[in-house]
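Accompanying notes for the structure given below.
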Protein chains: 2
Amino acid sequence: MTPNKEDFIKAIFELGGKEKVVTNKDLVRMLSISAASVTDMNTRLLKEELITHLPYQGVMLTEKGLLIANQLIRKHRIWEVFLAEKLGYDWNEVHADADLLEHVSSDLLIERLNIFLEEPTFDPHGGVIPNQDGTVPEIHSTPLIECRVGDRFKIQEVDDQEDFLEYLLYKKVHLGKEYTLAEIEPYDGPLTLETPAGEKTVIGHKAAFKIFVDIIE
Amino acid sequence: MTPNKEDFIKAIFELGGKEKVVTNKDLVRMLSISAASVTDMNTRLLKEELITHLPYQGVMLTEKGLLIANQLIRKHRIWEVFLAEKLGYDWNEVHADADLLEHVSSDLLIERLNIFLEEPTFDPHGGVIPNQDGTVPEIHSTPLIECRVGDRFKIQEVDDQEDFLEYLLYKKVHLGKEYTLAEIEPYDGPLTLETPAGEKTVIGHKAAFKIFVDIIE
DNA sequence: AATATTTTTTAGGGTAGACTAAAAATAATT
DNA sequence: AATTATTTTTAGTCTACCCTAAAAAATATT
């Protein structure tokens, strides 16, 4: 297994390759490589039985491929916790370094790091850390966009794109923070959140798809 | 700069490429690659002006190459401190993981890690950590083999080969420990060390070249 | 000094991972 | 249904890094 193959498998996973067929086009966009390179890598991963391939349709992870994806995400997220908690990174800074570190981390290193960090369940943006065996703890959370006016909730998880995290940092939205959904503007308009202290925050319609909350009672 | 090039430069440095010409043969042994591959890499590093090359004699680091070597060693040793102090690695275990981590560590990551570790001066086997600018703090230490009977000293640094460190672990020799040189057997025989408490430890002649001490008063 | 050995270099090749350009297949539009 | 546009695949290249086998240069030995 090489870093490039690992990144490719992770990209398939992140595009939904656990349950549905992922197109070459999506992989081209996600990895910023040419279409020919995607076909190339597909044939290599196919040979190792990490993916299944439907010609001109796309690829899906096999059980074997899924296991590798989950173990990579475990490594990635444990490093993110380390960078944020111990080295003082902001949550929008952790991604790039974790992406490099995950490929050179032995299982032993990760388990020792995990113990050092006191076995965290979530990474800095609320992503669940998969278990050693590749299983993923079940966490119930709701996309903010599905909430109704009056719902009270805590921020559970947010999308981990650097610019989005920066935006939330600016909006002072952070994990665990409690809000009530005060208002939803019609025609895909913005959502107004209100803290228990009465402070109001306005969130765009599209952003509400990228925020996941835990509704209280 | 790629991991392989970095390893090659580090190997040249470790074979003395700062002050003398290093032969291809030595690099073949150190890196376990073919002689042809060494010539190959030499020409590539030559093109980047990281080494100078005397045909059929060997290579030496340029200022540029030396800077890279020292920065790599800085990264390597800071990771070693982390693995030993925070993750509980024994001193003979740190080398392999540090060797991988050093190639994927941004300068920012290393500086933040350095601060987290409270800016250590030495790695777990006593190696000095080069400064950010590539300069190396001067530390005075004497090879144990050059000591005279009666000398009192502290263990300052030891060679960082895994099996040697394991041997020292077994002999209970560790950094900072104080001994008096009690006896040297003639004809390249073993050396006897004695702790202030009167415990004696016998060290082979060859091992005495790989242990560096700080003589007291 | 001539021969034998060792070391380095050259020549030619292999694999992983990327590319461009063109061909083939699928999907969208008129 | 025919044409156009998009997506995927194939074909051919390129670079980094490694290899083996053979040639060339340097070193050792007789």
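Below, read A as the first sequence line, B as the second, and so on, with proteins coming before strands; counting in each chain starts at 1.
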Once each nucleotide of nucleotides 10-16 of chain C is scored for protein heavy atoms under 4.0 Å, what B/S/- sequence comes out, 5' to 3'? B-----S
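- Defined by atom type and a distance below 3.5 Å, a donor-acceptor pair is present between the side-chain atoms of D133(A) and T135(A).
- Residues in residues 103-119 of chain B take part in these salt bridge (charged side-chain N to carboxylate O under 4.0 Å, His left out) pairs, two or more places apart or across chains: E93(A)-R112(B), R74(B)-E111(B), K75(B)-D107(B).
- R77(B) has no carboxylate O lying under 4.0 Å from a charged side-chain N of D160(B), or vice versa, which leaves the two without a salt bridge.
- Atom CE of M41(B) and atom C1' of dC19(D) are 14 Å apart (whole Å).
- A salt bridge links D26(A) with R29(A): the closest approach of a Lys/Arg side-chain nitrogen to an acidic carboxylate oxygen falls below 4.0 angstrom.
- The CD1 atom of I33(A) sits 20 Å away from the P atom of dC14(D) (whole-angstrom rounding).
- In this model, the phosphate group of dC19(D) is approached by a side-chain N or O of S37(B) to a distance below 4.0 Å at OP1 or OP2.
- Here dT9(C) presents its P atom at 10 Å from CG of L54(B), a figure rounded to the nearest Å.
- For the pair R29(B) CZ and dT6(C) P, the computed distance is 15 Å after rounding to whole Å.
- L46(A) has its CG atom 15 Å from the C1' atom of dT8(D), to the nearest Å.
- Toward the 5′ end of DNA chain C lies the nearest nucleotide of P55(B), the other residue of the pair Y56(A) and P55(B) mapping further downstream.
- A donor-acceptor pair under 3.5 Å is absent between the side-chain atoms of D159(A) and the main chain of K210(A), judged by distance alone.
- Ring orientation note: the planes of W79(B) and F82(B) are nearly perpendicular, at an angle over 60° on the 30°/60° scale.
- Nearest to the side-chain atoms of N24(B) among the listed nucleotides dT7(D), dT9(C), dT9(D) stands dT9(C).
- With rounding to whole Å, F8(A) atom CZ is found 11 Å from dG17(C) atom P.
- For the pair L31(B) CG and dT8(C) C1', the interatomic distance rounds to 16 Å; values are reported in whole Å.
- At least one donor-acceptor pair under 3.5 Å links the side chain of K171(A) to the backbone N or O of V202(A).
- When the P atom of dT6(C) is taken as reference, atom CG of D26(B) falls 16 Å away, rounded to whole Å.
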